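A quick write-up on the structure given underneath.
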Amino acid sequence: MRLTGDPAPGTMNSSSGSGNFLLVPIPEYPLLDCVPNKTVKIVVLGASNVGKTALIVRFLTKRFIGDYEANTGALYSRKVTLDGEEVSLQIQDTPCVALQDDAEGLYCQEQINRSIYWADGYVLVFSITDHNSYRTIQPLYQHVRRIHPSGNIPVILVGNKSDLLRARQVPADEGETLASSLGGVYFEASARENHEGVHTAFLHLCQEVFRALGGVNGEKRRGGLHLARPKSPNMQELKRRFRQVLSSKVKSATTL
Ligand SMILES: Nc1nc2c(ncn2[C@@H]2O[C@H](COP(=O)(O)OP(=O)(O)OP(=O)(O)O)[C@@H](O)[C@H]2O)c(=O)[nH]1
């Protein structure tokens, strides 16, 4: 969801007492200043109403914000310290995805596909109170895989709304099993009640991405995560050149 209000770019306000915060994406410094290879790009994906925006806002501001409008996909930027190094973190909020009637395909806007392509790491969110939102995760992950068919996909699975235990529809062990089948870690969190859980989850993914990109001292692998396989050598062309070299050698031998 998008946060309510239309404040001037670069501002963050709270209307005191009402709990109705106004917030826009806040680049803490111009995106152009971002140091290549020290930018961690994360996208938050999931079904409708699972708390994607609430989680991002909780992570960035330590606050829970209750009033939202439909999400148009905001990009948030922030500096974080990872492995002792200052890194530019960008978090992309997204509109919701939904299962198609056959429950295997996804309704997924083009804007989301672009975000998936752009990102280095993925926060897949469902609500523990909504089994349908849980069922979207596997097809959603497959969708990410289709966009990044090769290589490592840093991912975490977040079961949000853990404060609503009485309404739980997805047991924690189902979340854990699913996360490990995707090669990620499962976190249960409540954007409403708790900052620590949300912080731990996001930071875990940031670290994973940062290390995958090369970390502090490692070889920089930006793009390496998503690099298309190098083209295999063109054998026809190689043979043609080989014949050419051979025939020129034969010619020079016969002319001696
Ligand atoms: N109880 C509870 N409610 C939450 C929590 N997180 C979000 N909500 C509420 O759930 C609703 C949806 O939250 P959003 O953050 O807008 O969810 P979203 O996934 O961005 O929604 P879409 O825009 O539909 O994609 C809002 O009413 C939030 O106040 C949580 O941890 N616990």
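When a ligand or atom number is given, it counts from 1 through the structure's own listing order. Computed from a prediction, not measured in an experiment: that's the story for all the values here.
- R211 has a carboxylate O that lies under 4.0 Å from a charged side-chain N of D83, or vice versa, which qualifies the two as a salt bridge.
- Heavy atoms from both the backbone and the side chain of N49 come within less than 4.0 Å of ligand 1.
- Close N/O approach between S48 and ligand 1 is found [any backbone or side-chain N/O within under 3.5 Å].
- Distances from atom 10 (O) of ligand 1 to the heavy atoms of E193, R192, K161, E188 show the closest one on K161.
- Heavy atoms of V125 found under 4.0 angstrom from ligand 1: none, in either backbone or side chain.
- Between G46, A47, G51, it is G51 that holds the heavy atom closest to atom 14 (P) of ligand 1.
- Where the criterion is an N or O separation shorter than 3.5 Å, residue side chain and backbone included, V50 meets it with respect to ligand 1.
- Ligand 1 places these atoms under 4.0 Å from at least one heavy atom of C96: 25 (O).
- At a heavy-atom cutoff of 4.0 Å, ligand 1 is contacted by the side chain of N160 but not by its backbone.
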- Evaluate the side chain to side chain contact (heavy atoms under 4.5 Å, CB included) criterion for residues K79 and L89: first the C-alpha distance (whole Å), next the side-chain angles of each, then the deciding distance (0.1 Å), finally the verdict. CA-CA 6 Å; K79 277 183 187 171; L89 168 64; over 6 Å; no
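- In summary, E196 and R58 do not engage in a salt bridge, as defined by a charged side-chain N under 4.0 Å from a carboxylate O.
- Using a 3.5 Å distance cut-off with no hydrogens or angles, the side chains of T53 and D93 do pair a donor with an acceptor.
- Taking E208 as the reference, P154, H204 meet the side chain to side chain contact (heavy atoms under 4.5 Å, CB included) condition, with sequence neighbours excluded.
- Contacts of Y134 classified as side-chain hydrogen bond (donor to acceptor under 3.5 Å, both in side chains), with partners at least two apart in sequence or in another chain: none.
- Atom numbering of ligand 1 starts at 1 in the shown order; those under 4.0 Å from a heavy atom of L164 are 1 (N).
- Heavy-atom contacts of D163 reach the following atoms of ligand 1: 1 (N), 2 (C), 30 (C), 31 (O), 32 (N) (cutoff under 4.0 Å).
- Considering backbone and side-chain N/O atoms, A191 comes within less than 3.5 Å of an N/O atom of ligand 1.
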- Task: Apply the test side chain to side chain contact (heavy atoms under 4.5 Å, CB included) to residues L82 and V40: give CA-CA distance (whole Å), side-chain angles for both, the deciding distance (0.1 Å), then the verdict.
- Result: CA-CA 10 Å; L82 300 172; V40 167; 4.1 Å; yes
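- Interface of A54 with ligand 1, defined as ligand atoms under 4.0 Å from a residue heavy atom, comprises 6 (N), 7 (C), 15 (O).
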- Task: Could you give me the CA-CA distance, side-chain angles and deciding distance for K41 and Q92, then say whether side chain to side chain contact (heavy atoms under 4.5 Å, CB included) is met?
- Result: CA-CA 8 Å; K41 296 183 292 187; Q92 177 73 59; over 6 Å; no
